[in-house]
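What follows is a single structure, written as structure tokens, with notes after it.
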Amino acid sequence: MGKAFLGWVCGQDKCHSSFLFPQEHDIETPYGLLHVVIRGSPKGNRPAILTYHDVGLNHKLCFNTFFNYEDMQEITKHFVVCHVDAPGQQAGASQFPQGYQYPSMDQLAAMLPSVVQHFGFKYVIGIGVGAGAYVLAKFALIFPDLVEGLVLMNIDPNGKGWIDWAAAKLSGLTSTLPDMVLSHLFSQEELVNNTELVQSYRQQIGSVVNQFNLQLFLNMYNSRRDLDINRPGTVPNAKTLRCPVMLVVGDNAPAEEGVVECNSKLDPTNTTFLKVTPSALSLQPGKLTEAFKYFLQGMGYIAHLKDRRLSGGAVPSASMTRLARSRTASLTSASSVEGARPRACSESSEAMGQINHTMEVSC
């Protein structure tokens, strides 16, 4: 995970009332039940924001602090938010029976259209972390017409090679399940230098999520295949994510190399790469909130953004101005939050031209 996202679970958040009364649902899908939590109500023709958490967490542990952060109310008042828990990972989930076949990563992605159809969403903007980012990327590859945009944090697009597979097997024999999850969420440096925070995660991983179910999810994630994506023009019939994508990684996060590789395989005219300074976001989830606001603005949503930290109003930081410029330059005609779907603009070769909008912004 990297310290970039630590404030989400353990930070001191400021809550707002619109997110205090979520609605919980169990949705039937071709591969079993999905626990889904809805916050807010659909807003006109806008897409839903759909989240998917990382291994060892669930939607509460992964996203509560971020979505309860005061500055997020400017976003959440414009969108319905749909939190998806991977099968059996929600708090209080019943343990799966012995011999239960956990859905593959492809099947986890194929469960999501049932959620979209159940609530009548036309399309979604996905926010995924780690394993959840991989699931949402798979979802967008298989069902591109249902995905308006993606924010993929700490995504690793690569399956494990046989050496990594053998190492994971050995680790499973010598390490506890929480230890294996922590090594996925944190770098070795963070495990050593942030003992209080790591211990908080260890306690939550061991007590909130059913351990048998968690082991099944972790095993399936570790057996994932490479994401079948390539930058357009590099190989014949290359597959790529068609929607706007913001890749986010924490400095020195375990997935840093994977995120960089994912960035190299995406359409540079449709991708923003954001590296965040870990110490800033562990204390201020507002850094990522600000980036997300400009990502949405570039897609044609939330025309006017305020920065609550500045008494003068909507004056973004220099790094976020560059982020906004990289996105809006390729979406020049996407301006109406209630009008036609802005993807037509993001996919127009004339609108995008040959400008490379892939960039690194450090916050």
Side-chain angles (χ1 to χ4, degrees), residues 1-2 5 31-32 34 51-59 61-62 84-90 93 95-112 128-142 152-188 190-191 198 201-202 204-206 208-229 247 249-250 252-262 265:
M1 174 176 287
F5 310 111
Y31 303 102
L34 267 185
T51 74
Y52 212 113
H53 59 86
D54 204 352
V55 167
L57 309 175
N58 53 39
H59 84 274
L61 298 179
C62 196
V84 176
D85 286 318
Q89 308 305 301
Q90 70 269 25
Q95 181 168 309
F96 291 125
Q98 291 290 336
Y100 173 78
Q101 180 59 49
Y102 202 83
S104 68
M105 301 304 286
D106 284 13
Q107 290 171 337
L108 290 175
M111 299 171 84
L112 295 178
V129 181
Y134 183 98
V135 171
L136 289 182
K138 273 285 184 182
F139 174 49
L141 286 170
I142 302 170
L152 304 176
M153 306 177 212
N154 286 342
I155 185 173
D156 188 343
N158 301 314
K160 287 184 177 295
W162 71 268
I163 295 178
D164 292 331
W165 179 86
K169 282 289 186 181
L170 180 61
S171 176
L173 296 175
T174 60
S175 303
T176 66
L177 179 58
D179 283 335
M180 289 188 289
V181 173
L182 289 170
S183 68
H184 164 73
L185 299 176
F186 296 90
S187 68
Q188 288 301 311
E190 291 168 340
L191 290 173
V198 170
Y201 269 79
R202 184 187 301 276
Q204 293 179 85
I205 292 167
V208 176
V209 182
N210 181 281
Q211 300 296 280
F212 181 81
N213 297 353
L214 170 55
Q215 183 72 69
L216 295 178
F217 186 24
L218 179 62
N219 291 346
M220 192 54 68
Y221 176 66
N222 285 338
S223 65
R224 70 192 181 277
R225 298 174 296 175
D226 291 353
L227 275 179
D228 186 17
I229 55 174
L247 295 174
V249 66
N252 295 320
E256 185 172 2
E257 289 185 7
V259 178
V260 171
E261 181 169 348
C262 186
K265 293 182 176 182

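A quick note: this is a predicted structure, and the numbers were derived from the prediction, not measured. When reading the values below, keep in mind they use all heavy atoms of this one structure, side chains included, and skip hydrogens, waters and symmetry mates.
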**Message:** Within the supplied structure, the quantity of interest is the number of heavy atoms (other residues, nucleotides, ligands) at a distance under 6.0 Å from Glu257 CD; does it exceed 12?
**Reply:**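 Count not over threshold, so no.
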**Request:** Please say whether more than 12 non-hydrogen atoms of neighbouring residues, nucleotides or ligands are located less than 6.0 Å from CD in Gln95.
**Result:**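 Yes, CD of Gln95 has more than 12 neighbouring heavy atoms, counting only those of other groups under 6.0 Å.
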**Message:** Assess the residue pair Asn213 and Tyr102 against the criterion (side-chain contact (heavy atoms from CB on, under 4.5 Å)); give the C-alpha distance rounded to whole Å, side-chain angles, the decisive distance to 0.1 Å, and a yes or no.
**Reply:** CA-CA 9 Å; Asn213 297 353; Tyr102 202 83; 5.6 Å; no
State the [atom1]-[atom2] distance between [X] and [Y], to the nearest 0.5 angstrom.
X: Arg225; Y: Ser104; atom1: CZ; atom2: OG; answer: 7.5 Å
X: Met153; Y: Cys62; atom1: CE; atom2: SG; answer: 8.0 Å
X: Cys262; Y: Leu247; atom1: SG; atom2: CG; answer: 5.0 Å
X: Asn158; Y: Arg224; atom1: CG; atom2: CZ; answer: 7.5 Å
X: Leu218; Y: Gln89; atom1: CG; atom2: CD; answer: 9.5 Å
X: Ile205; Y: Leu61; atom1: CD1; atom2: CG; answer: 8.5 Å

Closest non-hydrogen atom pair, [X] against [Y]:
X: Leu108; Y: Pro103; value: CD2-CB, 3.8 Å
X: Lys265; Y: Ile229; value: CD-O, 3.6 Å
X: Met111; Y: Gly32; value: CE-O, 3.6 Å
X: Ala110; Y: Tyr31; value: CB-CE1, 3.8 Å
X: Pro157; Y: Gly258; value: CD-O, 3.1 Å
X: Ala137; Y: Leu152; value: CB-CD1, 4.2 Å

Do [X] and [Y] come within less than 4.5 Å of each other through their side chains, counting heavy atoms only?
X: Met220; Y: Gln101; result: yes
X: Leu57; Y: Val209; result: no
X: Met105; Y: Val135; result: yes
X: Glu256; Y: Ser187; result: no
X: Ile155; Y: Leu227; result: yes

**Asked** Between Leu112 and Leu136, does a side-chain contact (heavy atoms from CB on, under 4.5 Å) hold up when you go through it step by step?
**Response** CA-CA 9 Å; Leu112 295 178; Leu136 289 182; 3.8 Å; yes
**Request:** Go through the steps to decide whether Tyr134 and Asp156 satisfy the test side-chain contact (heavy atoms from CB on, under 4.5 Å), and finish with yes or no.
**Result:** CA-CA 7 Å; Tyr134 183 98; Asp156 188 343; over 6 Å; no
**Request:** Carefully, step by step, assess Asp54 and Asn154 under the rule side-chain contact (heavy atoms from CB on, under 4.5 Å).
**Result:** CA-CA 9 Å; Asp54 204 352; Asn154 286 342; 5.7 Å; no
**Prompt:** Hey, what's the ring geometry for Phe96 with Tyr100, parallel, tilted or perpendicular (30° and 60° as the breaks)?
**Reply:** parallel
**Message:** The criterion is ring pair (Phe, Tyr, Trp, His ring centres under 6.0 Å); which residues satisfy it with Phe212, sequence neighbours excluded?
**Reply:**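 Applying ring pair (Phe, Tyr, Trp, His ring centres under 6.0 Å) to Phe212 gives none.
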**Complete:** Tyr52 meets the ring pair (Phe, Tyr, Trp, His ring centres under 6.0 Å) criterion, sequence neighbours left out, with none
**Request:** Could you walk me through whether His53 and Asn58 pass the side chain to side chain donor-acceptor pair (under 3.5 Å) test, one step at a time?
**Result:** CA-CA 6 Å; His53 59 86; Asn58 53 39; over 6 Å; no
**side chain to side chain contact (heavy atoms under 4.5 Å, CB included) against Leu191, all qualifying residues, sequence neighbours excluded** =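 Checked Leu191 against side chain to side chain contact (heavy atoms under 4.5 Å, CB included); matches are Leu182, Phe186, Gln188, Val198.
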